[in-house]
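Owing to the predicted nature of the structure, the values given are computational and were not obtained by experimental measurement. Only this structure's heavy atoms are used, side chains among them; waters, hydrogens and symmetry mates stay out.
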Amino acid sequence: MNTYNMVKQRFIKKWINTLHMLDSSIEHPLNVTERKNAIRLSSDLAIAAARSGSTVWSRALISRSGNKTTNKPMARRILKKARNRMKNRCRTLRRNGNFTAKVGVRKRTELLKSLVPGGELIDDKDYLIRETLDYIVYLRAQVDVMRTVAAVDLVTGNLTNDRRNK
C-alpha cells in the first residue's frame with residue numbers, strides 16, 4: 001500500500017474517533033454554524049493527531065485548537081497521546097544566524113511561513129520546505145476524505161428523499 005493511502009487511513013481513523021468523542025460530549029443540539037465549527041475542529045485535530053505531534057505544523061494545530069475550542073475537555077481527550085508525544089519531542093526551532101536572500105525569495109518564504117501552522121517558528125529554509133510538503137500531504141488526504149464523505153452523504157440523502165417521495 002502506498003504512503004498516501006496510509007495517511008488517508010490514519011486520518012479517517014482519527015477523524016472517526018474525534019467525531020465519536022464530539023458526539024458523546026455534546027449535551028444539546030447544535031445549530032448549523034456550531035456543527036460546521038465542530039466538524040472543522042475535529043478534522044483539524046484528526047490530521048494533527050494522525051501526525052502524532054511529530055511536526056511543527058501538527059503541534060501548532062494542536063495548540064491552536066486548544067485555544068479556540070469552547071469544549072476544551074473534549075480537545076484534551078482527543079489529543080492526550082499527541083500532546084504527550086509533543087512534549088517529549090519538542091525542540092527549540094529557532095536557529096541563530098542571519099537570513100540573507102533576495103527580496104523576492106524572502107517575501108515568498110514569509111508567505112509560506114504564514115500559511116503553514118507553526119511556520120513562523122522555522123528559520124531553516126530546508127526544514128520549512130519539508131514541513132510544508134508534509135502538511136500538504138495531510139491536507140490533501142483531509143480534503144479527499146471529506147469530499148468522499150460529502151459524496152456519500154449526497155447519494156444517501158438522495159436515496160432517502162426518493163424513498164420518502166414514493
Side-chain angles (χ1 to χ4, degrees), residues 1-19 21-22 32-72 74-76 78-151 153:
M1 181 182 300
N2 71 22
T3 306
Y4 181 66
N5 286 335
M6 292 184 340
V7 167
K8 286 187 355 184
Q9 284 183 351
R10 266 185 287 177
F11 168 71
I12 291 169
K13 287 178 187 176
K14 296 289 183 180
W15 196 31
I16 289 170
N17 288 339
T18 58
L19 287 172
M21 289 180 191
L22 178 70
V32 174
T33 304
E34 290 171 332
R35 184 137 187 94
K36 178 193 78 156
N37 291 337
I39 289 170
R40 184 174 182 166
L41 171 66
S42 68
S43 178
D44 286 346
L45 293 175
I47 66 168
R51 201 61 179 110
S52 302
S54 62
T55 58
V56 173
W57 66 262
S58 61
R59 291 191 297 265
L61 276 179
I62 291 167
S63 176
R64 283 185 198 169
S65 299
N67 294 338
K68 286 183 181 176
T69 182
T70 56
N71 196 346
K72 289 186 181 185
M74 182 208 51
R76 272 192 234 113
I78 291 170
L79 294 167
K80 188 174 183 178
K81 290 181 183 176
R83 285 180 192 258
N84 289 338
R85 288 185 189 141
M86 181 176 68
K87 288 176 188 173
N88 294 336
R89 295 180 183 174
C90 191
R91 295 177 223 129
T92 303
L93 294 173
R94 293 260 178 218
R95 307 268 196 282
N96 292 333
N98 294 331
F99 183 74
T100 57
K102 295 180 182 175
V103 174
V105 173
R106 190 175 343 125
K107 286 182 180 180
R108 288 186 178 110
T109 303
E110 292 304 317
L111 176 63
L112 188 58
K113 285 181 176 187
S114 70
L115 293 174
V116 176
E120 61 276 357
L121 301 174
I122 303 171
D123 288 334
D124 183 12
K125 288 186 279 186
D126 293 336
Y127 191 67
L128 177 64
I129 290 176
R130 284 195 304 268
E131 285 282 324
T132 303
L133 292 173
D134 189 65
Y135 184 54
I136 289 169
V137 168
Y138 277 81
L139 280 178
R140 182 173 172 210
Q142 182 185 34
V143 169
D144 288 349
V145 169
M146 293 181 101
R147 280 185 180 158
T148 303
V149 169
D153 185 53

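Trp15 pairs by the side chain to side chain donor-acceptor pair (under 3.5 Å) definition with Ser42, not counting sequence neighbours. Judged as a side chain to side chain donor-acceptor pair (under 3.5 Å), and not counting sequence neighbours, the contacts of Asp144 are Tyr4.
One finds the OG1 atom of Thr148 at 6.0 Å from the NZ atom of Lys8 (value rounded to the nearest 0.5 Å). Here the CG atom belonging to Leu128 is positioned 9.5 Å from the CG atom belonging to Leu133, to the nearest 0.5 angstrom. Atom CD of Gln9 is separated from atom NZ of Lys13 by 6.0 Å, given to the nearest 0.5 angstrom. To the nearest 0.5 Å, atoms CG (Asp134) and CD1 (Ile129) are separated by 13.5 Å. Atoms CD1 and CG, on Ile47 and Leu61 in that order, are 5.5 Å from each other to the nearest 0.5 Å. Atoms CD1 and CE, on Ile39 and Met146 in that order, are 6.5 Å from each other to the nearest 0.5 Å.
Scanning both residues, Gly118 and Ala60, for their nearest heavy atoms gives N-CB, 3.3 Å. Ser58 and Ala48 get closest at one heavy-atom pair: O-CB, 3.6 Å.
In this structure, the side chains of Lys113 and Asp123 come closer than 4.5 Å at one or more pairs of heavy atoms. For the pair Arg147/Val143, a side-chain contact is recorded, criterion being any heavy-atom separation below 4.5 Å from C-beta on.
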Residue pair Val7, Arg140: steps toward the side chain to side chain contact (heavy atoms under 4.5 Å, CB included) verdict: CA-CA 10 Å; Val7 167; Arg140 182 173 172 210; over 6 Å; no
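Proximity of a side-chain donor or acceptor of Glu131 to a complementary backbone N or O of Trp57 within less than 3.5 Å is detected.
Of the N and O atoms on the side chains of Tyr138 and Gln142, not one donor lies less than 3.5 Å from an acceptor on the other residue.
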